[in-house]
Amino acid sequence: MKRIFLLLTLTLLGCGSPKEKEAIDEDTVATAEEFLSSDGYVMVAVDSLKTAIDAEAQRQVQTLGSDPRKYNAYLTQLSPNDPASIPYAILCLKKYPAPTGSPVYDTLYRQFANLYFQTAGHLTDTLNSKEYTGLLDKLYDHAEDPDLRNFLNYLDLFSLKVFITEGTYYADADPDLFYSIFRVKASPPLLDYLEIRKKELKEGFSEDAGLVISFPEVYERVESWGKFMADYPDHSLRNDALNLYEMYLSTLITGMDNSRVFDFEKERLDPEIKSLYENIMKAGKDSLSRKIITDYYILLSKNDFKYNESVNTFLDKYQLSTMLAVEPPTR
């Protein structure tokens with residue numbers, strides 16, 4: 001596969017001032033690992049680079065014709081070490097010769113997600129090195145810095161965004177990226193999955209060990225994934241849905257360090273959470289979580305709704321986990 005030489009021969013980031021642009025040699029080939037580990041930042045001609053990437057992606061797809069086997073082989077050989085693999089894969093997926101609603105897109109989604117997050121992982125490791133944080137720290141008070149804007153526009157060529165959590169930078173996707181790629185051709189289960197995830201990612205979940213949504217909204221997510229699993233019990237995404245279901249249900253039961261369900265001093269269940277549990281017991285739509293919350297409520301009621309060591313035993317019984325790093329003391 002032809003390399004995007006513009007991408008792979010430019011150096012990327014550093015804390016110092018920008019270096020002068022280097023001459024582009026079409027015969028020079030570097031790996032993305034070498035590219036991302038370089039120690040100086042060069043202003044990238046983003047528009048020209050986009051033109052080159054788009055042209056190469058179109059050329060590759062044209063060589064695949066209408067044979068699904070060629071598309072599969074092409075997608076398989078794309079490397080997470082080359083960020084240009086992401087736009088190549090996106091066009092390939094959009095042109096894939098399978099009818100709308102075909103289950104094949106379920107497999108293609110998984111394959112693309114693995115490629116995407118491996119690529120993002122490589123970049124994440126780089127962003128937090130001392131050579132790179134100087135530029136990214138400008139996100140706080142110099143967001144219009146030309147070097148920073150150029151770098152963010154550069155990443156956008158590969159559908160990569162920079163985010164920060166608890167002081168750590170990481171590369172990830174826009175909340176609607178996967179939905180926008182697959183929505184036209186997705187099977188009904190995949191479309192449902194992507195719609196739920198798009199909404200969740202836009203709303204967020206937690207930051208600095210605390211919720212950015214309310215506890216009732218956490219339970220809405222429990223119900224959404226419970227319904228998904230009930231609607232598609234044998235689907236390949238069921239385990240993904242189950243992991244999310246258990247994470248949200250665990251959060252509802254244990255809270256987080258900065259979003260407590262038990263008062264940290266009195267160790268008693270918060271009145272609003274107690275009321276939420278009672279509402280779930282009466283009107284919860286997901287039968288399993290309603291049963292678990294009911295059993296939990298009864299357990300707590302035996303100890304005046306105070307936190308006690310039996311909570312961890314209860315979590316183990318239902319294969320759930322605490323979302324707390326620091327648990328309330330027990331007396």
Side-chain angles (χ1 to χ4, degrees), residues 1-13 21-36 38 41-98 100 105 108-109 111-120 122-123 126 146-162 171-186 194 198:
M1 180 177 66
K2 180 182 177 183
R3 288 295 211 177
I4 297 297
F5 59 88
L6 280 167
L7 165 64
L8 297 178
T9 58
L10 290 172
T11 51
L12 186 55
L13 282 178
K21 292 184 180 179
E22 300 174 354
I24 297 169
D25 180 359
E26 295 189 27
D27 296 324
T28 300
V29 175
T31 67
E33 284 295 327
E34 293 168 337
F35 177 65
L36 293 174
S38 57
Y41 174 66
V42 172
M43 292 285 285
V44 180
V46 173
D47 291 343
S48 297
L49 184 53
K50 183 179 188 308
T51 299
I53 291 173
D54 289 347
E56 177 63 12
Q58 291 286 350
R59 189 187 73 81
Q60 291 291 338
V61 168
Q62 288 174 3
T63 67
L64 302 177
S66 58
D67 186 347
R69 292 172 297 180
K70 291 183 178 180
Y71 280 79
N72 290 338
Y74 176 73
L75 288 168
T76 299
Q77 58 99 25
L78 291 174
S79 170
N81 292 334
D82 183 353
S85 291
I86 295 175
Y88 292 164
I90 289 174
L91 183 63
C92 184
L93 292 167
K94 290 181 176 180
K95 299 291 186 179
Y96 195 94
T100 298
Y105 293 108
L108 294 175
Y109 163 77
Q111 185 176 352
F112 176 70
N114 288 339
L115 172 68
Y116 184 92
F117 289 116
Q118 286 183 56
T119 305
H122 286 305
L123 180 58
T126 301
D147 290 348
L148 176 63
R149 300 316 306 172
N150 185 259
F151 175 60
L152 297 179
N153 289 336
Y154 160 80
L155 291 180
D156 195 50
L157 297 176
F158 315 109
S159 299
L160 291 163
K161 302 290 184 183
V162 175
D172 207 340
D174 268 342
D176 61 351
L177 174 67
F178 293 92
Y179 176 80
S180 67
I181 294 170
F182 288 93
R183 64 182 178 84
V184 173
K185 292 186 174 182
L194 294 174
K198 179 180 71 168

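Rounded to the nearest 0.5 angstrom, Arg149 CZ and Asp156 CG are separated by 10.0 Å. Atoms CZ and CD1, on Phe178 and Ile90 in that order, are 8.5 Å from each other to the nearest 0.5 Å. Rounded to the nearest 0.5 angstrom, Leu152 CG and Leu160 CG are separated by 11.0 Å.
Of all the heavy atoms in Ser79 and Ser85, the pair that sits closest is O-OG, 2.8 Å. Summarising the geometry of Lys198 relative to Asp176, their closest heavy-atom pair is CD-CB, 3.6 Å, with the distance given to 0.1 Å. When all heavy atoms are compared, the tightest approach of Pro97 to Ser66 is CG-O, 3.7 Å. For the residue pair Pro80 and His122, the shortest heavy atom distance occurs at O-CD2, 3.4 Å.
Not counting sequence neighbours, Asp47 has no partner by the salt bridge (Lys or Arg N to Asp or Glu O under 4.0 Å) test. Legend: residues meeting side chain to side chain contact (heavy atoms under 4.5 Å, CB included) with Ala89, ordered by chain and number and at least two apart, are Leu75, Leu78, Phe112, Leu115. Every side chain to side chain contact (heavy atoms under 4.5 Å, CB included) that Ala98 has, sequence neighbours left out, goes to Tyr96, Ser102, Val104, Tyr105.
Between Gln60 and Tyr88 the shortest side-chain heavy-atom distance does not fall below 4.5 Å. Counting only heavy atoms from C-beta outward, the side chains of Leu157 and Pro87 never approach each other to under 4.5 Å. Side-chain contact check for Leu177 versus Tyr116: some heavy-atom pair is nearer than 4.5 Å. Residues Tyr109 and Leu194 have side chains in contact (heavy-atom distance under 4.5 Å, counting atoms from C-beta outward). In this structure, the side chains of Lys95 and Tyr71 come closer than 4.5 Å at one or more pairs of heavy atoms. The shortest side-chain heavy-atom distance between Asn72 and Leu108 falls under the 4.5 Å cut-off.
Looking at Thr119, its side chain never comes within 3.5 Å of a backbone N or O of Pro83 through a donor-acceptor pair. Of the possible polar contacts, one joining the Asp82 side chain to the Ala84 backbone as a donor-acceptor pair under 3.5 Å is found. In this structure a side-chain-to-backbone donor-acceptor pair under 3.5 Å is present from Lys185 to Lys94.
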task: Determine, step by step, whether Cys92 and Leu64 satisfy the side chain to side chain contact (heavy atoms under 4.5 Å, CB included) criterion, reporting the C-alpha distance in whole Å, the side-chain angles of both residues, the deciding distance to 0.1 Å, and the verdict.
output: CA-CA 9 Å; Cys92 184; Leu64 302 177; 4.0 Å; yes
query: Yes or no on side chain to side chain contact (heavy atoms under 4.5 Å, CB included) for Asn114 and Gln111, after CA distance, side-chain angles and deciding distance?
result: CA-CA 5 Å; Asn114 288 339; Gln111 185 176 352; 5.8 Å; no
message: Between Lys161 and Asp172, does the salt bridge (Lys or Arg N to Asp or Glu O under 4.0 Å) criterion hold? Intermediate values first, please.
response: CA-CA 5 Å; Lys161 302 290 184 183; Asp172 207 340; over 6 Å; no
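None of Ile53, Val46, Thr51 except one satisfies the side-chain contact (heavy atoms from CB on, under 4.5 Å) rule with Leu49; the exception is Ile53.
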